[in-house]
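Working notes, beginning with the structure itself.
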2 protein chains.
Amino acid sequence: MQPHQAFFHEYRMMYRPFINKLNVYLASHQLYSSQWAILRLLISEKSLTLVEISNSLNVEKPTTTRMIQKLIELDYVTTVPGKDKREKKVQLTSFGHDVCKDVQVTIEQFQLDALEGISVEEQIIVSKVLETVRNNLLK
Amino acid sequence: MQPHQAFFHEYRMMYRPFINKLNVYLASHQLYSSQWAILRLLISEKSLTLVEISNSLNVEKPTTTRMIQKLIELDYVTTVPGKDKREKKVQLTSFGHDVCKDVQVTIEQFQLDALEGISVEEQIIVSKVLETVRNNLLK
DNA sequence: TATAGTTAGTTAGGTTAAGTAACTATTAAA
DNA sequence: TTTAATAGTTACTTAACCTAACTAACTATA
């Protein structure tokens with residue numbers, strides 16, 4: 001198999017084992033990996049509109065609407081008015097903040113275990129490569 | 001962001017742009033990426049049982065049953081009796097072989113474009129790392 | 001040789017995570 | 001001031017998975 005074929009083959013083959021195991025850990029916090037992706041965004045960005053979330057995650061608006069609705073039901077996020085009457089800014093509740101901290105602790109060990117045998121240098125190379133490929137794909 | 005967090009962040013962020021674009025190319029052959037994963041297996045393995053396919057792709061048997069049913073409808077694969085009356089061996093039809101060749105040509109350029117700026121050495125490192133992580137996840 | 005357990009595959013029904021189309025409400029531009 | 005665009009929602013659909021429960025066929029054993 002040629003290097004470029006192997007690259008995408010290995011990329012794809014890691015996906016289900018990764019997501020399945022992640023979802024097992026997240027289940028103890030009533031979360032799925034897609035919801036966790038939003039919470040992670042909100043940890044670093046503090047407050048975002050639905051459109052900003054949609055663009056960051058490369059999903060359509062209705063998908064984001066529904067995921068936010070579930071996160072509101074869980075009381076992990078809340079919305080506040082934005083700069084005009086159309087906008088809703090989404091942000092973590094204080095309960096949501098606490099949950100995120102717990103989740104991060106859980107996920108931390110999971111990630112370290114999954115990366116056993118991979119040097120930090122290699123991790124950095126892979127991160128950079130994957131980011132470049134993502135940008136190529138979005139061009 | 002720490003290297004191990006960045007690793008999984010970048011891994012996940014590439015997934016949707018990758019699958020979405022792949023599916024656009026595959027659509028011209030009436031295929032989805034999950035079906036293409038099976039066809040790819042059958043190119044290299046010639047003939048496989050449903051259980052072997054399920055294990056290779058880390059999916060459950062009913063999932064594989066359904067995907068094979070669709071591929072049979074498309075006349076891309078066919079089944080032949082296995083070594084006992086329970087087993088069904090799945091293999092490509094000659095039409096399926098032709099389609100796979102066409103798809104491979106299409107995908108080839110897509111992959112090369114997506115890997116623009118990534119050296120072959122880096123591609124090989126990433127493939128090896130992703131394979132190792134997959135094996136860690138399946139432990 | 002009857003029976004208990006295993007394996008291959010299917011069917012039925014459900015969930016998550018996504019999509020498109022069409023809509024309302026609001027704001028900006030011509 | 002009419003027209004465009006933007007933010008978000010609702011309704012409906014789909015892919016890609018899952019579990020539970022099933023049939024048919026095979027294997028080991030008492």
Glycosidic conformation of D:dA4, syn or anti, with 90° from 0 as the boundary?
syn

From A:Lys89 atom NZ to A:Ile53 atom CD1, the distance as rounded to the nearest 0.5 Å:
10.0 Å

Determine which pairs satisfy salt bridge (charged side-chain N to carboxylate O under 4.0 Å, His left out) with at least one residue from residues 28-49 of chain B, sequence neighbours left out, and list them in order.
none

Could you pull out every donor-acceptor pair under 3.5 Å between side chains of residues 67-83 of chain A and any protein atom, sequence neighbours left out?
unit_1  : atom_1 : unit_2  : atom_2 : d
A:Tyr76 : OH     : A:His29 : O      : 2.8
A:Lys83 : NZ     : A:Glu87 : OE2    : 3.0

Members sharing B:Val120's hydrophobic cluster (side chains within less than 4.5 Å)
B:Ile124

Can you give the first and last nucleotides of DNA chain C, 5' to 3', that have an atom under 4.0 Å from a heavy atom of chain A?
C:dT16 to C:dT27

Pairs of donor and acceptor atoms involving the side chains of residues 95-107 of chain B, under 3.5 Å and at least two apart or interchain, shall be tabulated with distances.
unit_1   : atom_1 : unit_2   : atom_2 : d
B:Thr106 : OG1    : B:Asp102 : O      : 3.1

To the nearest Å, give me how far apart CZ (A:Arg86) and P (D:dA5) are.
13 Å

Both distances under 3.5 Å, Watson-Crick or G-U wobble: report the partner of D:dA4, or none.
none

Would you say that A:Phe8 contacts B:Leu115 through its side chain, given a criterion of any heavy-atom pair below 4.5 Å between the two side chains?
yes

Taking OP1 and OP2 of D:dT9, is either one under 4.0 Å from a side-chain nitrogen or oxygen of A:Lys88?
yes

Can you tell me the base-pairing partner of D:dT14? Count Watson-Crick or G-U wobble geometry only, both distances below 3.5 Å, and say none if there is no partner.
C:dA17

Strand contacts (DNA chain C) in residues 45-82 of chain B, 4.0 angstrom heavy-atom criterion
B:Thr49, B:Leu50, B:Val51, B:Lys61, B:Pro62, B:Thr65, B:Arg66, B:Gln69

Tell me every residue that passes salt bridge (charged side-chain N to carboxylate O under 4.0 Å, His left out) with A:Arg86, counting only those two or more places apart in sequence or in another chain.
A:Asp84

Please name the pair of heavy atoms, one in A:Ala6 and one in B:Ser127, separated by the smallest distance, quoted to 0.1 Å.
C-OG, 3.6 Å

Close residues, residues 29-41 of chain B, relative to DNA chain D [heavy-atom separation under 4.0 Å]
B:Tyr32, B:Ser33, B:Ser34

Side-chain donor-acceptor contacts of residues 13-20 of chain B below 3.5 Å, not counting sequence neighbours, with atom names and distances?
unit_1  : atom_1 : unit_2  : atom_2 : d
B:Arg16 : NE     : A:Asn58 : O      : 3.1
B:Arg16 : NH2    : A:Asn58 : O      : 3.4
B:Asn20 : ND2    : B:Arg16 : O      : 3.3

Can you list the residues that meet the salt bridge (charged side-chain N to carboxylate O under 4.0 Å, His left out) rule with A:Glu122, with sequence neighbours excluded?
none

Please list residues of residues 7-27 of chain B whose heavy atoms come under 4.0 Å from any atom in DNA chain D, ordered by number; otherwise none.
none

Between B:Gln111 and B:Glu108, is there a donor-acceptor pair closer than 3.5 Å when you use the side chain of the first and the backbone of the second?
no

Under the rule for salt bridge (charged side-chain N to carboxylate O under 4.0 Å, His left out), what residues qualify as partners of B:Arg134, not counting sequence neighbours?
A:Glu10

Over all atoms of both residues, closest heavy-atom pair of B:Gln91 and B:Ser47
OE1-CB, 3.7 Å

